[in-house]
Structures are given as structure tokens and as C-alpha cells.
Amino acid sequence: MKELISIIIPVYNAEEYLESCIENLLQQTYSNMEIILVNDGSTDHSLEIIKTFQQKDDRIIVVTQKNGGASSARNRGIQISSGKYIMFVDADDCITNDYVEYLYHLVKKYRTRIAVCDSFLVKEKKKIKKNKIEKEVVLSQKEVLKEMLYKEIYFIAPWGKIFEKSLWEDISFPEGKTYEDLATLYKLYMKCDKICCSTYQKYYYCIRENSLTTKTFTEKYFDRIYHADEMAFAITKKYPDLKTPGLARQTHDRLATLVRLISVNEEFKEQEKEIKNFLKEHKKEILKNPYISKKDKAVLLAFSLGNSFVKFFWKLYKK
């Protein structure tokens, strides 16, 4: 018999998407799983919806807690999970019918403790990006950490992956923080000698109007820089020759934060100054760095012409 897999889903005011998400899971080709829905203090009809599904399928486990954020909900799900393997799905996303079975197949086929698949980006109900080359490769720990330092979502998000549960024994998502995945995933990779990575797209990552990327800027957004620095330090401490891709990670997260920051009021001028000082200090290294995208380098150069130019440049780029 195939091993039990725990699917953990944080639920917070997701009534609009929940039915579709749960139906996706119930239609999976892999059946030996428990679906842990952690209701994180929802104030809409989310709890009613998941309890209705619980009555229909005994694989569904419903947990309710006070609102503590996605990290808290995921940590709670990990604590009560019974599976040998753990996977994550966000309540407002979708998956292919073989999502669970495919990732389980990868860890077994390649004898790894983590397997990763790629995703479709869905914005305004439109799929973006279809991989032309579909392949499965096994990368060493160092290779995965290197790619994590300069690739945006593939290795960083908790979804689109299967983890051996034992990896989480001394690791949890930082609660009360944003960009919690940036602070967590690299620690799991650092426990593995090798990771299976597939470019097959089995997850649909949906960008919503109320997602973190579209919300008003707050002080919590600076968590991104802190986590990026912490990750780059930990990885380069073990692999000193990864300093160059490490700088790529620090640069990207500073620029992404700065672009959002300049659109708000004077409240964060001190933080803006600190970010710009870092970029100025490392400007020559950044422009020569092969792991830093042309887009990031263009944004860096745009800042030398002033914040107003950057705002204009960024609007053009997004279009």
C-alpha cells in the first residue's frame, strides 16, 4: 500500500475559492492522503464550507484556531499531520489531478527526501508561461541552494513540493512574519544531499487582487530583506564560492522592496536610505554579476535618475 501523505491547507476568508480547491484534492489520482484544513480565524463562510466537505469524506481533517497567519496555520498542520510525507496547497490555488501522485512518484523514483515541480502563474484567470522543455533532474544540495539564490519562486514557495515529514522536526515557519517561505525552505534543502527537480507544471499559482504582491506597503515588507540576508549568509557560510549568487538574492529582494516602498509616504525614509546605501556600495559588483537579471540591473540604473523615473519605468515594464 502506498504511504500516507498529509496535504496542509491554511484557510483564511477563502470562501470564494475553497470548493474548487477541495474538489481538486478529492479528485486526485493518489488516494491515500489526509487533507488538513486549518481554519485560521476566518470571518466569512470558510469554516462552514470545509465542515460540509468533512462530512462527505473522512480523509478531511478540520482544525480551527485564532487568526495567526499562514505560518501559524501551516505549523499547526505539520504538528498534527500523520503522513510520512507533507505537501502544501494554498486555498485560492488549483492543482492538476495527478499533482500528489506525480510528486510522490518523483521522491520514490529518484530516492530523494524532497521533490519539486514547476507551476503555472495565473493572473486574472489567464495562464502565463508554458514550459517548452519538460524534464526531471536530480540536483545536489549545493546546486539547489545556488539556484534558490537567484530564482524567484521555483525553489522558495512551500507549494509545488513534497517533503519527508522528518525534515520538519526542528524547522517551522516564522510566525508573525511575511515572506515566511524565504526564511524556511533553504533550511530544509540544507538537510538533503540531493533534490529531484521537475519542470513539469502541476500547480496553478493564482495572483489575486488581495495577495501580498498587491497589498498596501507596510513595515512587514522589510521582512523580505531580513530573510534574504539570513539565507544568503547561511548558504555562503557553508559554500563560500556562492557569494556571487548570494549577492543576487540580496539585490533582488532589496530592489523589489524599494520599488514598492517609493510609492508610499515619508514614513520609511530611513529604510529607503539604508537600501539605497547597500545598492550604491555594491553597484559595481551588481552590474557585473551574471546571476542578476537584466531587469534588476535596469531598475538599479533607473534609481540613479530619481524615484520618479523608476515609477515610470516600472509601469512600462509591468505593461
Side-chain angles (χ1 to χ4, degrees), residues 1-42 44-65 69-108 114-122 125 127 153 157-165 168 173 181 185 198 200-208 211:
M1 186 176 181
K2 290 183 178 180
E3 292 153 308
L4 180 67
I5 298 176
S6 301
I7 316 294
I8 299 169
I9 309 171
V11 177
Y12 178 70
N13 291 351
E15 61 181 4
E16 186 179 348
Y17 318 107
L18 262 177
E19 289 190 22
S20 174
C21 177
I22 298 173
E23 289 288 358
N24 264 184
L25 285 162
L26 296 180
Q27 293 168 10
Q28 287 294 298
T29 55
Y30 192 99
S31 59
N32 190 24
M33 58 184 179
E34 59 179 11
I35 302 168
I36 302 173
L37 294 150
V38 183
N39 177 46
D40 189 42
S42 296
D44 63 0
H45 295 97
S46 292
L47 183 57
E48 296 170 32
I49 294 170
I50 60 180
K51 281 188 173 181
T52 299
F53 275 100
Q54 185 182 30
Q55 294 171 359
K56 298 177 182 178
D57 197 306
D58 60 9
R59 293 176 298 173
I60 294 178
I61 299 169
V62 175
V63 182
T64 298
Q65 64 177 31
S71 289
S72 175
R74 290 190 184 118
N75 289 339
R76 182 80 180 277
I78 294 168
Q79 289 167 6
I80 68 170
S81 63
S82 302
K84 180 176 180 180
Y85 294 96
I86 286 176
M87 298 174 70
F88 298 96
V89 174
D90 284 352
D92 58 347
D93 289 339
C94 295
I95 53 179
T96 62
N97 287 347
D98 65 340
Y99 171 69
V100 176
E101 184 168 32
Y102 178 68
L103 284 167
Y104 177 74
H105 158 77
L106 291 180
V107 291
K108 290 302 176 183
I114 298 175
V116 180
C117 71
D118 208 345
S119 62
F120 286 105
L121 174 64
V122 182
K125 298 183 179 180
K127 281 195 300 187
I153 290 180
W159 41 258
K161 298 164 184 63
I162 186 169
F163 306 91
E164 191 177 288
K165 184 184 176 180
W168 294 88
F173 291 98
D181 39 10
L185 271 290
S198 168
Y200 284 81
Q201 293 162 293
K202 301 292 182 180
Y203 194 94
Y204 293 87
Y205 172 52
C206 304
I207 296 181
R208 313 287 183 182
S211 70

Heavy-atom neighbours of Lys51 NZ exceed 12 at 6.0 Å: no

Gln65, CD: over 12 other non-hydrogen atoms inside 6.0 angstrom: yes

NZ/NE/NH1/NH2 to OD/OE distance under 4.0 Å, Arg74 and Asp40: no

Minimal non-hydrogen separation, Tyr205 against Ser119, with atom names: CB-OG, 4.5 Å

Trace of the side-chain hydrogen bond (donor to acceptor under 3.5 Å, both in side chains) decision for Tyr102 with Ser198: CA-CA 10 Å; Tyr102 178 68; Ser198 168; 2.6 Å; yes

Smallest separation among heavy atoms of Pro158 and Phe173, with atom names: CB-CZ, 4.0 Å

Criterion side-chain contact (heavy atoms from CB on, under 4.5 Å) on Ile162 and Leu106, from CA distance to verdict: CA-CA 9 Å; Ile162 186 169; Leu106 291 180; over 6 Å; no

Minimum side-chain heavy-atom gap Ile50-Ile22 below 4.5 Å: yes

Any Leu103 side-chain heavy atom under 4.5 Å of Tyr85 side chain: no

Validation row: Ser31, Arg59 side chains within 4.5 angstrom (heavy atoms): yes

Residue pair Val100 / Ile7: nearest heavy atoms and the distance that separates them: CG2-CD1, 3.9 Å

Sole candidate of Ile60, Leu25, Leu47 that passes side chain to side chain contact (heavy atoms under 4.5 Å, CB included) when paired with Leu37: Ile60

Any side-chain heavy-atom pair of Ile35 and Leu26 under 4.5 Å: yes

Nearest-0.5 Å distance, OH of residue Tyr104 to OH of residue Tyr30: 4.5 Å

Pairing residues for Glu34 by the side-chain contact (heavy atoms from CB on, under 4.5 Å) criterion, not counting sequence neighbours: Leu4, Ser6, Ile36, Ile61, Ser81, Ser82

Stepwise side-chain contact (heavy atoms from CB on, under 4.5 Å) test for Val38 and Ile80: CA-CA 10 Å; Val38 183; Ile80 68 170; 5.6 Å; no

Over all atoms of both residues, closest heavy-atom pair of Tyr203 and Asp90: OH-N, 3.0 Å

Distance-minimising heavy-atom pair for Pro10 and Val89: CD-O, 3.6 Å

Member of Trp159, Phe120, Tyr17 meeting the ring pair (Phe, Tyr, Trp, His ring centres under 6.0 Å) criterion with Tyr204: Phe120

Backbone of Asp44 reached by a side-chain donor or acceptor of Asn13 within 3.5 Å: yes

Presence of salt bridge, Glu3 and Lys165, under 4.0 angstrom: no

Side-chain heavy-atom pair Phe88, Lys161 within 4.5 angstrom cut-off: no

Under 3.5 Å: donor-acceptor pair, side chain of Ser46, backbone of Tyr12: no

Side chain proximity check, Glu164 to Val107, heavy atoms < 4.5 angstrom: no

side-chain contact (heavy atoms from CB on, under 4.5 Å) partners for Thr29, two or more places apart: Asp98, Glu101

Asp92 CG to Cys206 SG distance, which is reported to the nearest 0.5 Å: 6.5 Å

Main-chain N/O of Leu18 paired with Glu23 side-chain donor or acceptor, under 3.5 Å: no

Over all atoms of both residues, closest heavy-atom pair of Asp93 and Cys21: O-CB, 3.9 Å

From Lys84 atom NZ to Lys2 atom NZ, the distance as rounded to the nearest 0.5 Å: 14.5 Å

